[in-house]
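Numbers restart at 1 for each chain; the letters A, B, ... are given by sequence-line order, proteins then strands. Every heavy atom of this structure was used, including side-chain atoms; hydrogens, water molecules and symmetry mates were not. None of these values were measured; they are calculated from a predicted model.
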4 protein chains.
Amino acid sequence: MSPSTPRKRLSREESQAQTRARLIDTAQQLFVTNGYGGTSIRDIADWAGYSQGAFYSNFASKEEVLLELLRGHMEAEAAQLSNLVDSGGRTPEQILGDLESWAATLNNDADWCTLSIELQLHANRSPTFALEYQTVWDAHRAGLGRVIGKLFATLGRTPPAEPEELAAAFMALTHGLALQRVAGRPDPSGRLILVFLRGLIASAGLPDTAPGADPQPALPA
Amino acid sequence: MSPSTPRKRLSREESQAQTRARLIDTAQQLFVTNGYGGTSIRDIADWAGYSQGAFYSNFASKEEVLLELLRGHMEAEAAQLSNLVDSGGRTPEQILGDLESWAATLNNDADWCTLSIELQLHANRSPTFALEYQTVWDAHRAGLGRVIGKLFATLGRTPPAEPEELAAAFMALTHGLALQRVAGRPDPSGRLILVFLRGLIASAGLPDTAPGADPQPALPA
Amino acid sequence: MSPSTPRKRLSREESQAQTRARLIDTAQQLFVTNGYGGTSIRDIADWAGYSQGAFYSNFASKEEVLLELLRGHMEAEAAQLSNLVDSGGRTPEQILGDLESWAATLNNDADWCTLSIELQLHANRSPTFALEYQTVWDAHRAGLGRVIGKLFATLGRTPPAEPEELAAAFMALTHGLALQRVAGRPDPSGRLILVFLRGLIASAGLPDTAPGADPQPALPA
Amino acid sequence: MSPSTPRKRLSREESQAQTRARLIDTAQQLFVTNGYGGTSIRDIADWAGYSQGAFYSNFASKEEVLLELLRGHMEAEAAQLSNLVDSGGRTPEQILGDLESWAATLNNDADWCTLSIELQLHANRSPTFALEYQTVWDAHRAGLGRVIGKLFATLGRTPPAEPEELAAAFMALTHGLALQRVAGRPDPSGRLILVFLRGLIASAGLPDTAPGADPQPALPA
DNA sequence: CATGAATGAGAGTTCATTCAT
DNA sequence: AATGAATGAACTCTCATTCAT
């Protein structure tokens, strides 16, 4: 290192940011493992290697860390969805492929799902939290709804329910399956989600096409 | 009062059965409202109008009430399923109608679903409880799986995944949708479940029928 | 069974006495094992095979059982002592032999000693109990003191302290050694008590004998 | 006060050491008065003027305070014994005098004895505690055994039992006599211990001295 | 900013005791 | 006399939170 860039030592701001980041990370892991209620602030501080006071220097309460996690959750999901949505001019096969890889992500990132359940549960209890949560949730639902709407539009079919409702249902399916996960057993979540998605497409009406055409020739299971 | 229609006073057994029943009822309501972890034994006893000691005269621990609720849950679900399964020789329309009314039940009985989530969450934390829980869960999954298998058999179609897996997926969907419920908004659970079910049927293969036949003429959405 | 001796069934009084006796026995065992404070009335009733109510039909409180045990203790000790004391005209060797067998009793009956400590401890806490206890204790101390006094008198020696005090000291030694007992290790109580007793005799003055005589020829270790 | 030694205020470390010390002191007094089982953590905290939480900031459990007291006990006893043991080249009279003053200490420090009994009792119930306790106990027994062995060696006599066993017996005697203490009555412990010790010396053999010598001319009671 | 001793409320649980049966 | 459900107080222990340092 040259004398002009010596800083092994973090500036005060950097150090503070690090403390905060470590607390958030630790909190997420503990919430996933032990649940929100089953995690104490002492736990978070201890596992992160800080004192309880350090926690309170960064967050006003346990709920505030959860909010912070919610924001991270939100950003990650928004990024994911923009990948699915923004790229125009795709064939149905490509969109379905995208959704498939999204489902695979869920499969791998079990922690997010578990955390997501914790968020939802806590929103059901705490009105304060519910308010912030609703925003995130609605945004996500709208985003996923748009992807689904687009898929059906590209296929030239009418979805069997409002795209946003279908989006909510897929998220519900994801959460419900995450709840069923047992360590050691293979997780069929991604596969089942696709099975259901293909089902929806199969049952979707072809509004103004000539009758007798094969309904879904392009999408063999 | 005549000697043959005796005392408003409860006999000892009746009285203790009443106590137990009231504690269980109160516990269920509180678990649904505040979650398992968010409910204290003090709460249960207080709301039921008894002392904490009364609770411990009836249950060895908080987990034991949850087990009791699980058993009730189990019986109710078994009864429901036997209605769906046992009656032979039905048309596909009848079976679908049965499933529809089952979905409607879920719609109305939001508490059961919320409680069911609590059960599943607690099973994920407590090995003791998980053991008992797994039994109930497996039985229920097998039961619902049988109904689904029968439906596809009656329709002469091949289900797009193992019936038991589909059953698990529908339960997941139910739980996930229950999680999303917000007081004041209409609950689309039952409707969405049927949408997905119809989708599965639509995408199911017709193993040995003549090609070109209209795949699902009997089941318009 | 002949018709003239039918009674498989206990009379009410007999049955009650049996209940009482079983409760007392169970209580003693539990007090010895877990201590007075570590034993609950529920424990006593359960282990004896009765309800808690049965306990309260026989005793007003936990302390009353302890009193009952104290009385039993007292009688047993009185009987023991009267054996040591009453038989007149013994040689010193015989008396020492008697004491030796008394010490051996203590060795075997560890339970009595442990219980005795519990009694003494409880007397130190409860004034009510202390009152009754003091009587028993004083009687026992006086009894054992008389034996010791007699022993010295027979030997024609002056005890190095008041016989009653020596009695108390021997009981203290017994209790203290009982406290040190560890399961699995041999218990040297009886032997040590005799070692100390011989010591007292050895150091006892020969008030009016000719000087130069061998002090204790008759009692080699 | 000069500016260099200003603050009446305690530093943080001092203050927390004070808290700990007060809790330990209070615990000791209460254990002595009410017994280990009869003392609640609430009691300790209340009497020390702190909250229960303060207790748990300093000790993990009630047993840990007892361990702390045990350590203090151990140190005090070790110091006492090193006084008795270390100083070489003493006449028998001096050693006996030392033991006499040791016995007098016991006399005055009744609390230690009572506490010692509580320690022993708790060791009999809790395996965890027993482990630590055994170490202390063995050390003390060995130490006192050494003093006794030295005494007999100086006197040129053979002790009537293993010095360690005699040590254990004297500790038992001490404990047992402490148990008998009743407030208001004079406590003969110290005196009786010396009576017994002189007895042991009197009955000790003179292995290789000329026969006919006066056995214990130097030690008149 | 970070510390962690101390707080006070509340958790699950046990217990001696009461009383309708 | 015996039952055991129910009581209410007390127990050990954990927690989110505060605040002097």
Side-chain angles (χ1 to χ4, degrees), chain A residues 12-13 15-17 19-20 23 37-46 50-63, chain B residues 9-20 23 37-45 49-63, chain C residues 12-13 15-20 23 37-46 50-63, chain D residues 7 9-20 23 37-45 49-63:
Chain A
R12 197 183 301 188
E13 277 175 15
S15 153
Q16 191 176 340
T19 303
R20 193 180 167 85
L23 286 168
T39 303
S40 72
I41 286 175
R42 212 185 221 92
D43 286 342
I44 299 173
D46 283 357
Y50 293 94
S51 67
Q52 298 180 70
F55 181 94
Y56 281 98
S57 293
N58 283 280
F59 308 97
S61 70
K62 197 163 66 154
E63 199 168 67
Chain B
R9 271 253 164 118
L10 297 172
S11 81
R12 221 214 286 204
E13 279 178 10
E14 283 169 332
S15 152
Q16 78 190 244
Q18 194 188 60
T19 303
R20 195 182 165 84
L23 286 168
T39 302
S40 74
I41 287 175
R42 251 183 192 81
D43 287 341
I44 300 173
Y50 294 93
S51 66
Q52 295 182 67
F55 179 93
Y56 281 99
S57 289
N58 283 281
F59 307 98
S61 68
K62 197 165 67 155
E63 200 169 66
Chain C
R12 197 181 306 187
E13 277 174 15
S15 154
Q16 190 176 339
Q18 194 189 57
T19 303
R20 194 180 167 84
L23 285 168
T39 302
S40 73
I41 286 175
R42 211 183 221 94
D43 286 343
I44 300 173
D46 283 358
Y50 294 94
S51 66
Q52 297 180 71
F55 181 94
Y56 281 98
S57 292
N58 283 280
F59 307 97
S61 69
K62 196 161 70 153
E63 199 169 67
Chain D
R7 50 207 82 126
R9 273 245 165 123
L10 296 172
S11 80
R12 222 211 288 203
E13 279 179 9
E14 283 169 333
S15 152
Q16 78 190 245
Q18 195 188 58
T19 303
R20 193 181 168 85
L23 285 168
T39 303
S40 74
I41 287 174
R42 242 187 197 79
D43 287 343
I44 300 173
Y50 294 94
S51 65
Q52 294 182 67
F55 179 94
Y56 282 100
S57 289
N58 283 280
F59 307 98
S61 68
K62 196 164 68 155
E63 201 169 66

Check nucleotides 17-19 of chain E against the protein and report each pair of N or O atoms closer than 3.5 Å, with its distance, or say if there are none.
| unit_1 | atom_1 | unit_2 | atom_2 | d |
| --- | --- | --- | --- | --- |
| E:dT17 | OP2 | C:Y56 | OH | 3.1 |
| E:dT17 | O4 | C:Q52 | OE1 | 3.0 |

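Counting to the nearest Å, the C1' atom of E:dT14 and the CG atom of C:D46 are 13 Å from each other. Going from atom CG of B:N58 over to atom C1' of F:dA6 covers 9 Å, rounded to whole Å. The separation between A:I44 atom CD1 and F:dC15 atom C1' is 12 Å, rounded to whole Å. The CZ-C1' distance, from C:F59 to F:dA1, rounds to 14 Å in whole Å. In this structure, D:F55 atom CZ and F:dC11 atom C1' are separated by 13 Å, rounded to whole Å. Between A:R20 atom CZ and E:dA2 atom P the separation is 11 Å, expressed in whole Å. Counting to the nearest Å, the C1' atom of E:dT13 and the CD atom of B:E63 are 15 Å from each other.
Comparing D:Y50 and B:G37 by the nucleotide of DNA chain E whose heavy atom lies nearest to each, the residue mapping closer to the 5' end is D:Y50. Judged by closest nucleotide on DNA chain F, C:T19 is the one of C:T19 and B:G49 placed further toward the 5' end.
Between A:A45 and A:S51, the shortest heavy-atom distance links the atoms CB-O, 3.4 Å.
Of the inter-residue distances, the one linking C:Q18 atom CD with C:L23 atom CG reads 10.5 Å to the nearest 0.5 angstrom.
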Side-chain donor-acceptor pairs under 3.5 Å in residues 52-60 of chain B, sequence neighbours left out?
| unit_1 | atom_1 | unit_2 | atom_2 | d |
| --- | --- | --- | --- | --- |
| B:S57 | OG | B:G53 | O | 3.3 |
| B:N58 | ND2 | B:A54 | O | 3.0 |

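Annotated stems with DNA chain E as a participant read E:2-21 with F:2-21, given as range with range, by first number; only runs of 3 or more Watson-Crick or G-U pairs under 3.5 Å qualify.
For A:S57, taking side-chain heavy atoms from C-beta onward, the closest of the listed nucleotides E:dC1, F:dA6, F:dT12 is E:dC1. Distance from the side chain of B:S51 is smallest to F:dA6 among E:dA5, F:dA6, E:dC15. Listed nucleotides: E:dT7, F:dA6, F:dA2. Nearest to the side chain of D:A54: E:dT7.
A search for side chain to side chain contact (heavy atoms under 4.5 Å, CB included) contacts involving C:D43 returns C:L30, C:T39, C:S40, C:W47, not counting sequence neighbours.
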